[in-house]
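What you are looking at is a predicted structure, and each value in this text was computed from that prediction instead of being measured. Just so it is clear: chains get the letters A, B, ... in the order the sequence lines come, proteins before strands, and each one is counted from 1.
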2 protein chains.
Amino acid sequence: MIELRIPDGSDFTLANLPYGIFSTADRSPRAGMAVGKDILDLYALARTGAFDFDPEVFNQPVLNDFIALSKCVTSRARTQVQGWLREGGAGVVRPEHLVPMSEATLHLPVRIGDYTDFYSSIEHATNVGRMFRDPENALLPNWRHLPVGYHGRASSIVVSGTDVRRPLGQTMLPDADRPVFGPSQRLDFELEVAFVIGKESRLGEPVPIAETEDYIFGLFLFNDWSARDIQRWEYVPLGPFLGKSFASSVSPWIVPLEALEPFRVAGPEQDPEVLPYLRTTTPAHYDIDLRVTINDRTVCRSNFRHLYWSMRQQLAHHTSNGCNVRVGDLLASGTISGPGVDAYGSLLEITENGKRGEFLADGDTVTLHGHAGAGSSRVGFGSATGTVQAALNNQP
Amino acid sequence: MIELRIPDGSDFTLANLPYGIFSTADRSPRAGMAVGKDILDLYALARTGAFDFDPEVFNQPVLNDFIALSKCVTSRARTQVQGWLREGGAGVVRPEHLVPMSEATLHLPVRIGDYTDFYSSIEHATNVGRMFRDPENALLPNWRHLPVGYHGRASSIVVSGTDVRRPLGQTMLPDADRPVFGPSQRLDFELEVAFVIGKESRLGEPVPIAETEDYIFGLFLFNDWSARDIQRWEYVPLGPFLGKSFASSVSPWIVPLEALEPFRVAGPEQDPEVLPYLRTTTPAHYDIDLRVTINDRTVCRSNFRHLYWSMRQQLAHHTSNGCNVRVGDLLASGTISGPGVDAYGSLLEITENGKRGEFLADGDTVTLHGHAGAGSSRVGFGSATGTVQAALNNQP
């Protein structure tokens, strides 16, 4: 018989059971599942013969091998664990399989292959377009026809808790005639949710929108740190580059897509109607409350359902040209802004590009939170947090 | 005593000795070195105790573990092999270590982490800017101040010889009021050279330009296939995405940077002067003749030295914000056009966006070639070739 420690309001109820990678003072990184204030050591459990696959998939510093077993296998494993935990361990899960989260270090849970960042919030795209381009035509002509996105940098994605150094970079000051190099003066966060690919597709073969959910293993919070001054100078004509690539932070627990099933909702109406390869009749959005704090002060309350483009549409579009996806690839939503300044998912929008407030200062801690549901049905993401370190003062 | 088969005009002289991954009917992929018409089986050689590192780094389907040993080790290994081969094997390299290239299959030589594509040819950027933006101001204001680049897609990079399927995609026809979905009508190649990162840098720590060569393991040819019609509709404001991500082809042999030392030349003068972090006094360009054929007809003769921005500047800029690089990351040059239409590195430029000729047809074979020097000092890249397959006719 095991005793679960799931306090009221915990993100990690039995309805959730997200996956992560943890280490302890005595043991190297391995797979675990968050259960209240504890981590279920999946490797220890698997070695007792609890599952019908090789326990070694859990004895890895990343979840990729487990995820690659297929959703059929990973989903069944989670349902089994859920059943055992609901019966006090059922003689399968034993007290020694639980590790207090307070004694563990959490790691980046997947080896990320390619990372793509979308731009799928109509409020965010409109706000940005209004500030940087034409206020009368804030949305560019393609925006309502396809989920605009770009490739991001995978190497600099770090797990929650990692400090983020203020980047140096080239910027052009207003009215200057040549650029300068130095610490970014407009450091920002972006509130995003990213999903992890759980199934490989073949090069040259689009994934039909009806099949896209088979490819979505799970989701986590994603802070796409941005240096607005660097970005603004560099981004024409090929898009954001060094203004983004210095760091992105993710929450340590991957919430499996199936845990979010009760929170599935319809998205906003799309007008004009999208092309057939982007059409889906199933509701494909999820009602997930999102919140951002800076030094514990809430600066944004938004919701994942505000996105104009769904994950299904993002993936169908991404593979429509035959581009293949691999296990561990990441597709992020883009900044998730909702209607109204309280729901804006970046300081760029909240401060109107610095007019009504400040960008991030050294020492600021930005934390993203997210959850769906309440009580024993609550499915939470935990948090993605990072503190801004001062820039290097020796320039390269 | 071994007998080398290095015909006149071979790309793979003893001055070159590039690395690749090959398999044979009887043996799985492993590391090799191209020597004339043969491949030196580095794993077989290493198992005789020829080197002072673990032979297993060569018994892998990618070169990453070998490259990660450090340039000091990989460079010495190459110099040793060069010495032995110059002495007829010196009793170390034996006939059974050589495999005829005609009996081998060549594979993608590295597991690519992140792939970045630059835009470093002033002729190319000017030609494209003239066609798609303002002919009077073809170069955007940032272009001469920093090497503009963007993140590309790594999953769809394939080795020379792999067919490339014409992508489907969304395009907006002239004067249409809504986009359509179907096979790209403007399929193009791009003549590029890419370099492979050989040393990890730390997140948050820029690589000073003086140290950048320590991070460059070697180079290969890179064809960044492009669908101009898809690209044109999607690329604002975040840059190229599905117009590029369906495939890129690389030549199978990585030419180590040290083999190119005799061909080092100064680049074009940069005006205005660049910021200090991009300044270097050493000549940092390389005189490498490049050629593109379509169905064996030469359509472009260019040279790697035409680039405005050097590899050193690209890497210094890329890491200037603290973005880390990892072994196996790829940095590609962008299309290498030279002065004059005969030196234009894409059909977009050669045909003036279809006005003076056609884009690629199904069945067309595009091949990139590259080499420096002549005779027994010739250092060649072999080729990167790919044939266009018809688009899928069942749309997703």
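The candidate from B:Asp329, B:Thr319, B:Asn324 with the greatest count of non-hydrogen atom pairs under 4.5 Å with chain A is B:Asn324. Most heavy-atom pairs under 4.5 Å with chain B, from the set A:Gly322, A:Ser156, A:Ala154, A:Ala210: that is A:Ala154. The residue among A:Ala247, A:Pro272, A:Pro141 with the most heavy atom pairs within less than 4.5 Å of chain B is A:Pro141. Counting heavy-atom pairs under 4.5 Å between each of B:Val325, B:Asn142, B:Val128 and chain A puts B:Asn142 at the top. When the candidates B:Gly243, B:Gly152, B:Gly169, B:Ser184 are compared by the number of heavy-atom contacts under 4.5 Å with chain A, B:Gly152 comes out ahead. Each of B:Arg153, B:Lys244, B:Arg326 has some count of heavy-atom pairs under 4.5 Å with chain A, and the biggest count is that of B:Arg153. For the options A:Val148, A:Leu146, A:Leu203, heavy-atom pairs under 4.5 Å to chain B are most numerous at A:Leu146. Looking only at heavy-atom pairs under 4.5 Å with chain A, the residue among B:Glu234, B:Arg178, B:His317 that has the most is B:His317.
Neither the backbone nor the side chain of A:Val164 comes within less than 4.5 Å of any heavy atom of chain B. Heavy atoms closer than 4.5 Å to chain B are found in the side chain of A:Thr116, but not in its backbone. With a 4.5 Å cut-off on non-hydrogen atoms, A:Arg133 touches chain B through its side chain but not through its backbone. Neither the backbone nor the side chain of A:Asp163 comes within less than 4.5 Å of any heavy atom of chain B. Heavy atoms closer than 4.5 Å to chain B are found nowhere in A:Glu200, neither backbone nor side chain. Residue A:Leu139: no heavy atom, backbone or side chain, is found under 4.5 Å from chain B.
Put simply, OG on B:Ser320 and CD1 on A:Ile230 are 7.0 Å apart, with the number rounded to the nearest 0.5 Å. Taking CD of B:Glu205 as the reference point, atom CZ of A:Arg165 lies at 6.0 Å (rounded to 0.5 Å). Atoms CH2 and CG, on A:Trp233 and B:Leu140 in that order, are 9.5 Å from each other to the nearest 0.5 Å. Atom CE of B:Met172 sits about 5.0 Å away from atom NE2 of A:His145, to the nearest 0.5 Å. Distance OH/A:Tyr277 to CD/B:Gln170: 4.0 Å, rounded to 0.5 Å. B:Ser155 contributes atom OG, which lies 8.5 Å from atom NE2 of A:His151 (distance to the nearest 0.5 angstrom).
Taking all atoms of both residues into account, the shortest heavy-atom contact from B:Pro179 to A:Leu275 is O-CD2, 3.8 Å. Between B:Leu392 and A:Pro206, the shortest heavy-atom distance links the atoms CD1-CD, 3.4 Å. Nearest heavy atoms, A:Tyr119 versus B:Pro237: CE2-CG, 4.1 Å. Closest of all the heavy-atom pairs between B:Gly149 and A:Leu238 is O-CB, 4.3 Å.
Checked by atom type, the side-chain pair A:Ser245/B:Asn321 shows a donor-acceptor distance below 3.5 Å.
More than 12 non-hydrogen atoms from other residues, nucleotides or ligands lie less than 6.0 angstrom from CZ of B:Arg279.
A perpendicular orientation is assigned to the rings of B:His318 and A:Phe241, their planes being inclined by more than 60° (bins at 30° and 60°).
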